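Every chain is numbered from 1 and lettered A, B, ... according to where its sequence line falls, protein lines coming before strand lines. Keep in mind it's a predicted model, so treat the numbers as computed, not measured.
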Amino acid sequence: MFLCSRKYDRSKYRCKRCVLHNSVDEFTIGSESSNLSRIRDHIYFIGNHCELDEKQLFDLQVAVGEAAANAIEHGSPLGRENIVRLKATCDSEYLTVTIKDEGQFRRCVHGPNGDEVNFRGRGIPLMLALMEKVAIDEAKDGTCVMLVTQVARNGHISEECGGL
Amino acid sequence: MDLKIESKEVEGVGVIVLEGEVDVYTAPKLKSRLIDIVDEGKFNIIIDLQKVEFMDSSGLGVLVGGLKRVKSHQGSILLVCTQENILKIFRITGLVKVFPIFSSEEEAIKSIQGS
């Protein structure tokens, strides 16, 4: 299920300055809700090195946190024996983070009167509101959520993050 | 970062002060405290979010659940928050129309006493 208007593949471009230069950051962690804080800390580290500002860093943490929480709650049929994989790539314009689990995505989007139990269904609207692009790919071996945010600041591409 | 929860009573109003991160892991702790306060007979509750550094949809869900509990006793939940990042989460999810949000505990208490 793609929620963005078009497929997104900029993996052939790499940022020339930040920590992800010519590489992909991969982070694997056990599927436990107690690890959510570590996931957010890690993504803050990555976003900070990609020169996102504080507002963008918070938005990224919320979006990644929602995707990771869904992966832990609904994409881990074996519970804590499952793992959540995060992958981050950065080019001159965008930071792309994918969150992959080992189960089925729970795609429930509820109306304004959602109750306590199903309020987690607000995760997708939050991701959509906070990220440039969101894509959810449901495969047999797990669900992959891709989140894309712009690296450029104040409407301009950071020179330090390298024009191609 | 864990979630610290402090409860107090100010002029007959239950006040919960949160500090830290509210997510899937820590939200049950908040839910439990809210249930305890309602069970004590406090149906007008102020939740101070000024020291909350992160909140996700599970935290919002607990607040909505708490609101339903107090509303069944004609009570209310008022929030204290001036942090733009946290307010943004409430705006995106439409909860600014559900929870009255104040910039200080004093303002929230005055609102309860005036109603």
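- Summarising the local packing, CZ of B:Arg91 is surrounded by more than 12 heavy atoms from other residues, nucleotides or ligands at distances under 6.0 Å.
- Following chains of ILVMFWY side-chain contacts shorter than 4.5 Å, one cannot reach B:Val80 starting from B:Leu63, and the two form parts of different hydrophobic clusters.
- Residues B:Ile5 and B:Leu49 share a hydrophobic cluster, clusters being chains of Ile/Leu/Val/Met/Phe/Trp/Tyr side chains in contact below 4.5 Å.
- Under a hydrophobic clustering in which Ile, Leu, Val, Met, Phe, Trp and Tyr are joined whenever their side-chain heavy atoms come within less than 4.5 Å, directly or via other members, B:Leu78 and B:Val98 fall into different clusters.
- Atom CZ in B:Phe54 sits 8.0 Å away from atom CG in A:Leu36 (nearest 0.5 Å).
- The local environment of NZ in B:Lys88 is crowded, with over 12 non-hydrogen atoms from other residues, nucleotides or ligands closer than 6.0 Å.
- For a residue to count as touching a neighbouring chain, one of its non-hydrogen atoms must lie under 4.5 Å from one of that chain's; by this rule B:Lys97 does not touch chain A.
- At least one side-chain heavy atom of B:Ile86 sits less than 4.5 Å from a side-chain heavy atom of A:Phe58.
- Options B:Leu67, B:Asp23, B:Ile92, B:Asn85 differ in how many heavy-atom pairs under 4.5 Å they form with chain A, and the most are formed by B:Asn85.
- Cluster annotation: B:Val52 is connected to B:Ile77 through the hydrophobic network of ILVMFWY side chains, with a link wherever side-chain heavy atoms come within less than 4.5 Å.
- Without hydrogens or angle criteria, B:Glu21 side chain to A:Ser37 main chain gives no donor-acceptor distance under 3.5 Å.
- Contact annotation for A:Glu32: neither backbone nor side-chain heavy atoms come within less than 4.5 Å of a heavy atom of chain B.
- For B:Tyr25, the OH atom is loosely surrounded, since the number of other residues' heavy atoms within 6.0 Å does not exceed 12.
- For the atom pair B:Ser57 OG and A:Ile124 CD1, the distance stands at 10.0 Å (nearest 0.5 Å).
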### Task
Apply side-chain contact (heavy atoms from CB on, under 4.5 Å) to the pair A:Leu126 and B:Ile89, showing each step before the final yes or no.
CA-CA 8 Å; A:Leu126 275 171; B:Ile89 301 302; 4.0 Å; yes
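- Checking side-chain atoms of A:Arg122 against main-chain N and O of B:Thr93 turns up a donor-acceptor pair under 3.5 Å.
- In this structure, chain B has a heavy atom under 4.5 Å from the side chain of A:Leu130, while its backbone stays farther away.
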